[in-house]
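Beneath this line is the structure, given in structure tokens, with notes to follow.
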Amino acid sequence: MQKITITTPDDWHLHFRDGDILNETVPATARCFARAIVMPNLVPAVTNAKLALAYKQRILDAVPEGSQFQPLMTLFLTNDMTPQDIVDAKTAGVVAAKLYPAGATTNSAAAVKGIEAMHPVFAEMEKQGLLLLIHGEVTESHIDIFDREKVFIDQYLRKIVADFPTLKVVFEHITTSDAAQFVKESSENVAATITPQHLMLNRNDLLVGGVKPHNYCLPVLKRSTHQQALREAVASGSSKFFLGTDSAPHAKHAKESACGCAGCYSAWSALELYTQVFDELDALDKLEGFASFHGADFYGLPRNTGTVTLEKQDWQVPESLTLPSGDPIVPFYAGQTVSWKIA
């Protein structure tokens, strides 16, 4: 196949950041996605409806003229949050709340430290129809970083799903065969997003031949057997799995420092890279469901009506981009050839 046209897709997990960088990240996503679930881990975090609406307006101000792109807002869960915060968020049009275990990723130090204490909030989310988005890793230092997703499933996620059976839960950016199997075996109210980097790379791509900081993300890349399980999950066409890039920009100096930031900035190539993966899997007929239908259906939102066409054509991801601040940023898959291009 040399050309494919799909319904305009959505990105169900990304980081725009804030301030001047929005003038880079928002157009990069709006070029091919109609909507995006916006992560709330700013400084300060987006912890209430007022902050969510203010952040939404800053994003809309950065949308290119003529684009109909719409951000979908989320709250950052903390142990100080109350059920009333959930009611207010729902009234304001917020669609989900994000559970970060404290310290799990960028700007998450103020996140949840006692998950069991959040059950009254989860109960209100279930009542209001607000989705629970989960960064599913434990953060205890004695637990091996490659095991933290599986331990989170066993210690916390199974109980959350059992205790709140009608709460819709998105297991974000899954990285292991354990997570894929858990989602497959769970009820119709449990789904997962999968990133391009976790479909294309494994921990060899992070560590062999020297540490490659621009492939460093959290959850960290796992062994090739887990990568293969994720590829099989998307190739299956299951509606439980859908597109979420976890596109997360950091300036080059922040990635290449002694304590490099976690995150891959994939917005400028994500749809093309997903298409390449589905082509490699001989599953291009499953791409539209993964990219355009499954997420919208799970969130209870209408499917988009426009289309995007991709052609089989080699092009090279830029080695570097320049942020509005003047700082360089290295995009995911920088300098490498991609075999599909938006027409």
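None of the values given here were measured: they were computed from a predicted structure.
- Rounded to the nearest 0.5 Å, atoms NE2 (His294) and OG (Ser238) are 7.0 Å apart.
- Clustering ILVMFWY residues whenever any of their side-chain heavy atoms sit less than 4.5 angstrom apart, transitively, puts Phe293 in a cluster other than the one holding Phe242.
- The local environment of NZ in Lys312 is crowded, with over 12 non-hydrogen atoms from other residues, nucleotides or ligands closer than 6.0 Å.
- With contacts defined as side-chain heavy-atom distances shorter than 4.5 Å, the pair Thr193/Ile174 does not qualify.
- The closest side-chain donor-acceptor pair between Trp268 and Glu24 falls under 3.5 angstrom.
- In this structure, the separation between OH on Tyr333 and OG on Ser269 is 9.0 Å, given to the nearest 0.5 Å.
- Remark: Arg148 CZ to Gln155 CD distance equals 11.5 Å, nearest 0.5 Å.
- A donor-acceptor contact closer than 3.5 angstrom is absent between the side chains of Thr176 and Lys222.
- Checked by atom type, the side-chain pair Asp85/Thr82 shows a donor-acceptor distance below 3.5 Å.
- Using a 4.0 Å cut-off between charged side-chain N and carboxylate O, Glu272 and Lys341 make no salt bridge.
- Checked by atom type and distance alone, the side chain of Glu311 never pairs as donor or acceptor with a backbone atom of Lys3 at under 3.5 Å.
- Note on ring orientation: taking the six-membered ring where Trp is involved, the planes of Phe69 and Phe16 are perpendicular (angle over 60°, cut-offs 30° and 60°).
- A salt bridge does not link Asp327 with Lys252: none of the charged nitrogens is closer than 4.0 Å to a carboxylate oxygen.
- Annotation: side chain of Leu72 is in contact with side chain of Leu301 (closest heavy-atom distance under 4.5 Å).
- Leu323 and Leu22 are not part of a single hydrophobic cluster, where members link through side-chain heavy atoms under 4.5 Å apart.
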Stepwise side chain to side chain donor-acceptor pair (under 3.5 Å) check, Thr337 with Gln316
CA-CA 4 Å; Thr337 298; Gln316 191 175 70; 4.7 Å; no
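- Checked against Phe290 for a ring pair (Phe, Tyr, Trp, His ring centres under 6.0 Å), the options Phe241, Trp12, Tyr274 give a single hit: Tyr274.
- In this structure, Phe164 has its ring center closer than 6.0 angstrom to the ring center of His119.
- Closest approach of Glu149 to Pro219, counting heavy atoms only: OE2-CG, 4.2 Å.
- Closest heavy-atom contact between Met73 and Tyr55: CE-CD2, 3.5 Å.
- A donor-acceptor pair is defined here as one N or O able to donate and one able to accept, closer than 3.5 Å; no such pair exists between the side chain of Asn79 and the backbone of Met118.
- In the hydrophobic clustering of this structure, Val234 groups with Met1; members are Ile, Leu, Val, Met, Phe, Trp, Tyr whose side-chain heavy atoms approach within less than 4.5 Å, directly or through other members.
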Apply side-chain contact (heavy atoms from CB on, under 4.5 Å) to Val151 and Asp154, showing your working. CA-CA 5 Å; Val151 173; Asp154 294 337; 5.9 Å; no
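- Residue Arg58 qualifies as enclosed at atom CZ: its count of foreign heavy atoms under 6.0 Å is above 12.
- In this structure the side chain of Val38 reaches within 4.5 angstrom of the side chain of Ile59, judged on heavy atoms.
- For the pair Lys168 and Tyr299, the cation-pi criterion (under 6.0 Å, within 45° of the ring axis) is not fulfilled.
- Two residues are said to be in side-chain contact when any heavy atoms from C-beta on lie closer than 4.5 Å; His13 and Met39 meet this criterion.
- Both Val211 and Phe146 belong to a common hydrophobic cluster when Ile, Leu, Val, Met, Phe, Trp and Tyr are linked at side-chain heavy-atom distances under 4.5 angstrom.
- Between the side chain of Arg31 and the backbone N or O of Ala267, at least one donor-acceptor pair lies under 3.5 Å.
- Side-chain atoms of Lys240 come within 3.5 Å of backbone atoms of Ser186 as a donor-acceptor pair (strictly under, hydrogens ignored).
- Of the N and O atoms on the side chains of Thr309 and Thr5, at least one donor lies less than 3.5 Å from an acceptor on the other residue.
- The neighbour count for Glu188 CD, taken as heavy atoms of other residues, nucleotides or ligands under 6.0 Å away, does not exceed 12.
- Taking 4.5 Å as the limit, some side-chain heavy atom of Arg231 sits within range of a side-chain heavy atom of Val277.
- At most 12 heavy atoms of other shown residues, nucleotides or ligands fall within 6.0 angstrom of atom CD in Gln68.
- Here the closest heavy-atom approach between residue Ala248 and residue Arg17 is recorded as CB-NH2, 3.6 Å.
- Side-chain atoms of Glu172 and His135 include no donor-acceptor pair closer than 3.5 Å.
- Considering all non-hydrogen atoms of both residues, Leu167 and Glu126 come closest at N-OE2, 3.3 Å.
- Annotation: side chain of Ile37 is in contact with side chain of Val95 (closest heavy-atom distance under 4.5 Å).
- In the hydrophobic clustering of this structure, Leu75 groups with Leu132; members are Ile, Leu, Val, Met, Phe, Trp, Tyr whose side-chain heavy atoms approach within less than 4.5 Å, directly or through other members.
- With Thr29 contributing its side chain and Val26 its backbone, the two residues share no donor-acceptor pair below 3.5 Å.
- Between Thr7 and Ser292 the shortest heavy-atom distance is O-OG, 2.5 Å.
- Without hydrogens or angle criteria, Trp315 side chain to Trp340 main chain gives a donor-acceptor distance under 3.5 Å.
- Surrounding CG of Asp314 are more than 12 heavy atoms belonging to other residues, nucleotides or ligands, all under 6.0 Å away.
- Judged by distance alone, the side chains of Asp11 and Thr245 do bring a donor and an acceptor atom under 3.5 Å apart.
- Ion pairing between Lys212 and Asp205 fails under the 4.0 Å rule for side-chain N and carboxylate O.
- The closest side-chain heavy-atom distance from Leu14 to Asp246 is not below 4.5 Å.
- Here the CG-CG distance, from Asp279 to Leu284, works out to 4.5 Å after rounding to the nearest 0.5 Å.
- Using a 3.5 Å distance cut-off with no hydrogens or angles, the side chains of His226 and Arg203 do not pair a donor with an acceptor.
- Note that NE2 of His250 is 9.0 Å distant from CD1 of Ile21, once rounded to the nearest 0.5 Å.
- The side-chain heavy atoms of Lys98 and Asn41, taken from C-beta on, include no pair separated by under 4.5 Å.
- Electrostatic pairing of Lys90 and Glu124 does not count as a salt bridge here, judged by no charged N lying under 4.0 Å from a carboxylate O.
- The two atoms that bring Pro71 and Leu60 nearest to each other are CD-CD2, 3.5 Å, heavy atoms only.
- Here Tyr100 and Phe76 bring their ring centres to under 6.0 angstrom of each other.
- No side-chain donor-acceptor contact under 3.5 Å links His173 and Gln197.
- Within a 6.0 Å radius of NZ in Lys184, other residues, nucleotides and ligands contribute more than 12 heavy atoms.
- Looking at Thr78 and Asp80, their side chains never bring a donor and an acceptor atom within 3.5 Å of each other.
- With a 6.0 Å radius and a threshold of 12 heavy atoms from other residues, nucleotides or ligands, Lys150 has its NZ atom at or below the threshold.
- Between Leu157 and the options Leu99, Ile115, Ile134, Val190, a side-chain contact (heavy atoms from CB on, under 4.5 Å) holds for only Ile134.
- Remark: Asp10 CG to Asn304 CG distance equals 4.5 Å, nearest 0.5 Å.
- Judged by distance alone, with hydrogens and angles left aside, the side-chain atoms of Ser67 form no donor-acceptor pair with the main-chain N or O of Val63 at under 3.5 Å.
- No donor-acceptor pair under 3.5 Å is formed between the side chain of Lys255 and the backbone N or O of Cys264.
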